[in-house]
Structure formats: C-alpha cells, structure tokens
Amino acid sequence: MASSRRDVLSRLQPLLQVVILAFGLFCLGIAQDVFIPIALAMLLTFVLSPIVERLQHWHVPRVAAVVVTVVFAFSVLGGLGWLLASQATTLAADLPQYKHNLTRKIREVRRVGKSDSLEKAQSAVKEVIGELQKDGSVAAKKPPQPVVVEKPAPGGLDSFRVTLTTKILSDAADRIGRYLQAQSLINTGFGVTIATGLFLIGVPYALLFGVLGAVLRFVPYVGVWVAAGSAALVSLAVSDGWREPLMVLTLFTLVELLIYLVVEPLLYSHSAGVSPLALLITLAFWTWLWGPIGLILGTPLTVCLVALGRHLPEMQFIVVLFGDEPVVSTDVAVYQRLLKGDEDGARAVLAQYVKEHPTADVYEEALLPVLARVRRDASRGALTAQESAFITGAIRRVVDESEDGGRPAAQDEAAAAPVLEALACPARDEVDAAALRMLAARVATEGVRLDVADAGVLAAEVLERVEAMRPGVVVVASVAANGLGHARYVLKRLRARFADLPLVATCWSAPDEADEARAALVDAGATDVATTLGEARDRIVQYRRVRAEPAPPRAA
C-alpha cells in the first residue's frame, strides 16, 4: 500500500513541481511591490556589509558602524542626485537657445531622405515587408508555446539547516560583494574617462554625462547607450556640424569595448560565478517580470540562485544551467554515459583521462565519485536497482581489466608473496564492494593482499571469517555517509570480539560530512578512519610496516 502510494506521488511529482513553479512566478509578478523593496534592501546590505565589518575591525561598536555606514551611503547617493538634478536643470534651461541647430540638422536629414536612391530603397523594403506579413499572418496568430522547466526531485527539509543557510548567504554575499566592488571601480573609471573625453571634444556639461555614464552603467547592456544617446543628443544640439556627435558616440563605443573585452575579464572574470549567456537570459526574464528595476536586480538575484545551487544537491541543476565553471567533469561524463547504458562511451572517456593522469587519480577523481553518485541517487529513488547494478558492474569490470592489463611483472611478484594479509568488508552492497576493489588494487603494489568479502555478508559471517583467517588488519568500507549505520554495526561487533585487532574504517563521503563520519566511526571502534583512497592506502600500509609489533592504540 505504501509503495503504491509512493509510486503515485513520484508520477505526480513533475506536475506538482510545475504547479509550484508557476505559482512562484505568479506571486513574484503580483507582489512585486513587496519583493522589489526587499531585493533592493538585500542588495544594499551586500554592498554596505564590508564597510560595517571593516569599521568593526577598527573596534567601532556595531550599532555605531551601521549608523555611520548608512549615513555615508545616503550622503553619497544624495550628493549624486543633487549634482545630476542641478546639472540637468541647467541643461534644460540652456537647450532652447540651440533649437536652430536642431531644426537645421533635421532639415538636412529630411533632404537626404528625399533622394531618389533612398526612396527606391525604402519602397523595396516596404514591398518585402508587406509580402512577409501576408505569408506570416497565419503563423503570427498561433500563440507561443510555453516552455516548462522541471526541477529534480526536492529533498527533505533537513537540507535547510542553520549551517547550510549560513554557507549559502556567505557565498552569495561574497560573490555579490566582489562583483559590485569591481563594478563600482570600473564604472568610476568609465565615468572619469567619458567626462575627460567629452571635455576635450568640447561638449558642455561633461561632468554631468560622466556621472550619468558611471551610474547608468550599473544597468546591464542598456545603461551605457542611454548615457551615450543623451550626450550625443546634446552635442548634436550645441555643435554646428556632425563631427562632434560622431566623436561622442565613437568615444563611448571605444571605451565600452575596451572595458568589456580587456578590463572586465582581467578584473572579475569569475567574480559573479554566472556565465555571460545565462546572465543575458536571466536579465531578460527579470526585466519581463519586474520591468526596468528587474534589469538592475537581475545579476544579484541570479548570483543568489547559483549560490543556492552550489550548496543544495536538489538544486544543482541551477549551477549547471547558469554557472560559469566547467560542469561536465570526467566523473560526470562517465556517469552520464553509464546511465544511458553506454559502457563503451564511458571507457572512451576514461581512456582519454588515463593519458594525462595516473591510475590512482583515475580511481580517486573519476570512478569513486561515480560510485558516490550511484549511492546518493539510488537512496533518493532516482536510480532503479537494475541501473545501479549495471553502473557498479561496469566500474568493477573497468577496475579488474585495468589491473590485469596494466600491472608490471614486479608488482605481480609482490602480490604473489604478500607481506600483510588483510580482509575488507563492504558495509552495505556492491557499491561498497566496487570501491574496495579499487583499494585492493592500490595496496597490492605495497605487498598487501586485501581479500574483499562479498557484498551483503552478515556480520556473524565476517566474525567467523576473521576468526579463521586471522588477518593483520580488517577494513570496513562505506561509500557516502548514508551507509554509516551498517559500518558502525560491523565495527562494534568486530571490536567486541577482537579487542586488539586493527580496524580501518573508510567512508568516502562529501568533505562537509567527513568530520562527522570520522567521529562516528571512531566511536564505533575503528582504529583508523580514511576518507580518500590514498588515505586508506596509507592507513593499511602502516600495519605492513609494524606487523610484528603490537597494534597501535585506538584513536581518541
């Protein structure tokens, strides 16, 4: 009954996700009067937080630091507003005396537009547009089809812990702060350069347009050209010819290209952590949703979403879509191909990786992460038992073939006459067993023969095998932290039966889970704990060197 209910929920989950997404967009649209001030307040907080922290570092009380920072920020904003308002008022009062220049230039444009060649070109263009409109009238009536974006299945509420929330906010604040600081520095230089260039050209109110350009450049893609159009229009009104307006547009174009192509990549190529194409798409979305203010808030909001995806596994697809870092690493590429059942394709990816990396790195950086992904996806129902078995079997075959074909003769002799006999016990299933196959290959070259027990063996059978084999060390392995319960049970049984036996526990989990897993395994009776293949190898090899001596004391 419970399984059928889960099946129904799993089938309805994509539809529920689409409904929730549509409801979220609906709320963002109708409640923009509430969300926009909140977003602006968060943006201002990210900008001013470094100043407050620096004042606190100088032993200024927090309340005083906040008050001083807010007063300073609003003083700067008020000063800029007063400067722009006063200059704009003066400019508006002076423009009527230049109406003769504007009238004359408009007449020149009309005179050029009445030439025979332009009239013919205009007529031809109108005819082509008319035909296109006739042919496309039916297609134009067809409503656009909506694009549905589906998210991966969400996890439990335990992901939203205080520690995780703090990390997300810290990451977002750090990225947005660095982005805004670099952007402020660049925009200041842009404004100074534009003001200087306009002064040399002879455009009046050069300071006004310099400040306007620096401020409007915070509006992506559009702000610069609004400032350029304003300066060119004033230059067109006050100058007698066309040279000065063209020089103004050329100045803005050259300075913007220099900043876009040279300065920005050098100064903050990855400060925001969002790819340029993704930023363009998200800016279009926020502008459609919230209008011009969305164009200003689009970059910080997208950075916050990417920071959220970096720390929540359920939202990692956001990093894949929007992030500026390479997301298809070797382990991801191998995992993708094995998910499709393409074992040959996965081997081709590994073969390319082996050309540039040693076998140990292939195990540590490519194959072991694949097993961790299998364990994680299987535990949340994203993988079927058949898919998990296929991927695990493929990895075991790759490991066995690489060891049989790539081991020198000297290593075969060392493996034939081992110095230390060791027993390895998978904590849960074939995933743990496959990881132990890699570990056995790593220690075989060091004179250690690691006998890997079958997956799913009972704890009582492990005790009997240890009693009969009398190994120098026993290894209990778990891939990912969700197998710790099984590993702890086996360790406790072994420690209760063999008090002096060295027990090496391995838990190949995420870095943020390593300390918790290490403490839990030591508490269960492990002598040593390893969280990487290299560390596990070192822990086992040390008992080869001291096999004739008493076992080291249990770790505290």
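Note that the structure is predicted; figures quoted are calculated from it, not measured.
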*Minimum heavy-atom distance between V60 and A65, given as atom pair plus value*: CG1-N, 3.8 Å
*Under the side-chain hydrogen bond (donor to acceptor under 3.5 Å, both in side chains) rule, collect the residues that match up with T531, sequence neighbours excluded.*
E535
*asked:* Working to the nearest 0.5 angstrom, can you tell me the gap between D377 CG and I391 CD1?
replied: 8.0 Å
_My understanding is that only residues two or more places apart in sequence, or in another chain, count here; which of them pass salt bridge (charged side-chain N to carboxylate O under 4.0 Å, His left out) with E53?_
none
*Shortest non-hydrogen contact from G210 toward A195*: CA-CB, 3.9 Å
*Sequence neighbours excluded, which residues qualify as salt bridge (charged side-chain N to carboxylate O under 4.0 Å, His left out) partners of E256?*
R217
*Sub-3.5 Å donor-acceptor pair from the side chain of R337 to the main-chain atoms of A333, do we have one?*
yes
*Look up atom OH in Y335 and atom CG in L371, then write down how far apart they are to the nearest 0.5 Å.*
10.5 Å
*Would you say the side-chain atoms of E364 pair up with the backbone N or O of L533, donor to acceptor, closer than 3.5 Å?*
yes
_Quick check for you: to the nearest 0.5 Å, what is the distance between R243 atom CZ and T250 atom OG1?_
11.5 Å
_Do V226 and L212 have side chains that approach each other closer than 4.5 Å (heavy atoms only, starting at C-beta)?_
no
_Test of understanding: with side-chain contact (heavy atoms from CB on, under 4.5 Å), list the residues that count as partners of F218, not counting sequence neighbours._
Q183, S184, N187
*Please report the closest heavy-atom contact between S235 and P245, naming both atoms and the distance.*
OG-N, 3.3 Å
*Specify the closest pair of heavy atoms between L350 and A366, including all atoms of both residues, with the distance to one decimal.*
CD2-CB, 4.0 Å
*Would you say the side chain of R373 lies within less than 4.5 Å of the side chain of V332, judging by non-hydrogen atoms?*
yes
*Minimum heavy-atom separation for V234 to P204, with atom names?*
CG1-CG, 4.3 Å
*asked:* Under the rule for side-chain hydrogen bond (donor to acceptor under 3.5 Å, both in side chains), what residues qualify as partners of R62, not counting sequence neighbours?
replied: Q56
*Is Y205 close to L198 at the side-chain level, that is, under 4.5 Å between some pair of heavy atoms?*
no
*Neighbour count >12 (heavy atoms, 6.0 Å) for atom CZ, F199*: no
*Evaluate the side-chain contact (heavy atoms from CB on, under 4.5 Å) criterion for residues V71 and V67: first the C-alpha distance (whole Å), next the side-chain angles of each, then the deciding distance (0.1 Å), finally the verdict.*
CA-CA 6 Å; V71 170; V67 171; 4.2 Å; yes
_Run the side-chain contact (heavy atoms from CB on, under 4.5 Å) test against V68 and tell me which residues pass, sequence neighbours left out._
L55
_Working to the nearest 0.5 angstrom, can you tell me the gap between R375 CZ and L383 CG?_
11.5 Å
*Backbone of V529 reached by a side-chain donor or acceptor of R518 within 3.5 Å*: yes
*Indicate the atoms forming the closest heavy-atom contact of F252 with A228, along with that distance.*
CG-CB, 3.5 Å
*Scan for side chain to side chain donor-acceptor pair (under 3.5 Å) pairs involving residues 68-85, sequence neighbours excluded, and state none if there are none.*
none
*Qualifying residues under side-chain contact (heavy atoms from CB on, under 4.5 Å), relative to A232, sequence neighbours excluded*: V248, L249
_Min side-chain heavy-atom separation Y353-V334 under 4.5 Å_ = no
_CG on L251 to OG1 on T193, rounded to 0.5 Å_ = 8.5 Å
*Begin from the C-alpha positions of T253 and W225 and carry the test side-chain contact (heavy atoms from CB on, under 4.5 Å) through to its verdict.*
CA-CA 9 Å; T253 302; W225 305 114; 3.8 Å; yes
*Euclidean distance, F209 CZ relative to L216 CG, rounded to 0.5 Å*: 11.0 Å
_My understanding is that only residues two or more places apart in sequence, or in another chain, count here; which of them pass side-chain contact (heavy atoms from CB on, under 4.5 Å) with L246?_
none
